[in-house]
Amino acid sequence: VQLQASGGGLVQPGGSLRLSCAASGRDFRINDMGWHRQAPGKQRELVAAITRGGSTNYADSVKGRFSISRDNAKNTVYLLMNSLKPEDTAVYYCEADFLRLEPQPVAWRSWGQGTQVTVSS
């Protein structure tokens with residue numbers, strides 16, 4: 001099972017980007033999914049998370065600007081980022097909590113490879 005993130009890039013302040021992260025593989029169920037970010041010299045922080053049922057939570061710094069969503073049929077999570085600020089510059093990582101029931105129940109968390117978001121004029 002792998003997570004593949006895409007959609008990062010360079011954007012001007014006030015602009016928008018949409019990140020995507022798709023899980024590949026088979027015979028699993030995805031529970032919670034989320035996006036984290038890590039800026040140079042800083043610890044990785046949670047940006048947004050979403051449950052399988054669609055409940056969301058956001059870091060205070062992105063509330064009202066970012067929106068997380070998911071498509072369970074496509075095993076994909078999205079992060080729409082609006083009104084981007086220079087302080088949003090970071091490597092963004094997706095993560096997902098997987099569950100496999102056969103041959104025996106096992107749960108684990110996987111991370112995507114990270115995608116760079118740079119907000120600069």
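What you see is a predicted model, and the numbers here were worked out from it, not measured in a lab.
Hydrophobic clustering of Ile, Leu, Val, Met, Phe, Trp and Tyr side chains at less than 4.5 Å, counting indirect connections, unites Ile30 with Val1. In the hydrophobic clustering of this structure, Met81 groups with Val11; members are Ile, Leu, Val, Met, Phe, Trp, Tyr whose side-chain heavy atoms approach within less than 4.5 Å, directly or through other members. The hydrophobic cluster containing Ile68 does not contain Trp111, counting ILVMFWY residues as joined when their side-chain heavy atoms lie under 4.5 angstrom apart, directly or transitively.
Atoms OG and OH, from Ser67 and Tyr58 in turn, are 4.0 Å apart once rounded to the nearest 0.5 Å. If you take CG on Leu10 and OG on Ser120, they are separated by 6.5 Å, rounding to the nearest 0.5 Å. Here the CZ atom belonging to Arg37 is positioned 14.0 Å from the CD atom belonging to Gln43, to the nearest 0.5 angstrom.
Asp71 and Thr76 are not linked by any side-chain donor-acceptor pair at a separation below 3.5 angstrom, with hydrogens and angles left out of the test. Between the side chains of His36 and Glu45, no donor-acceptor pair of N or O atoms lies under 3.5 Å. No donor-acceptor contact under 3.5 angstrom links the side chains of Glu87 and Thr89, judged on distance only.
No side-chain heavy atom of Cys21 sits less than 4.5 Å from a side-chain heavy atom of Tyr93. At least one side-chain heavy atom of Arg52 sits under 4.5 Å from a side-chain heavy atom of Arg70. Contact check for Ile50 versus Asp32: no side-chain heavy atoms found under the 4.5 Å cut-off. Val91 is not listed as a side-chain neighbour of Val117, based on a closest heavy-atom distance of 4.5 Å or more. Using a 4.5 Å heavy-atom cutoff, the side chains of Phe28 and Asn75 are in contact. Side-chain contact between Leu99 and Asn31: present, with at least one pair of heavy atoms (C-beta onward) separated by less than 4.5 Å.
Panel note: side chain Gln113, backbone Ala5; a donor-acceptor pair is recorded below 3.5 Å. The backbone N or O of Tyr78 lies less than 3.5 Å from no partner atom in the side chain of Arg18, so there is not a single donor-acceptor pair. Here the side chain of Arg100 pairs a donor or acceptor atom with the backbone of Arg26 at under 3.5 angstrom.
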Open item on the list: Evaluate Phe66 against Val47 for side chain to side chain contact (heavy atoms under 4.5 Å, CB included), listing each step before the verdict.
Closed with: CA-CA 9 Å; Phe66 290 12; Val47 176; 3.6 Å; yes
- [ ] Could you walk me through whether Asp97 and Arg109 pass salt bridge (charged side-chain N to carboxylate O under 4.0 Å, His left out), step by step?
- [x] CA-CA 4 Å; Asp97 293 332; Arg109 172 170 289 187; 2.7 Å; yes
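Of all heavy-atom pairs spanning Asp88 and Arg65, the tightest one is OD2-NH1, 2.8 Å. Nearest heavy-atom pair, Ala90 versus Gln116, reported as atom, atom and distance to 0.1 Å: O-NE2, 3.4 Å. Closest approach of Leu79 to Ala48, counting heavy atoms only: CD1-CB, 4.2 Å. For the residue pair Val77 and Cys94, the shortest heavy atom distance occurs at CG1-CB, 4.5 Å. In terms of heavy atoms, Ser110 sits closest to Leu3 at O-CD1, 3.3 Å. The two residues Asn82 and Ser16 make their nearest non-hydrogen contact at OD1-OG, 2.8 Å.
The residues Lys63 and Asp60 are annotated as salt-bridged, a charged nitrogen and a carboxylate oxygen being separated by less than 4.0 angstrom.
Aromatic ring centres of Trp35 and Tyr92: separated by at least 6.0 Å.
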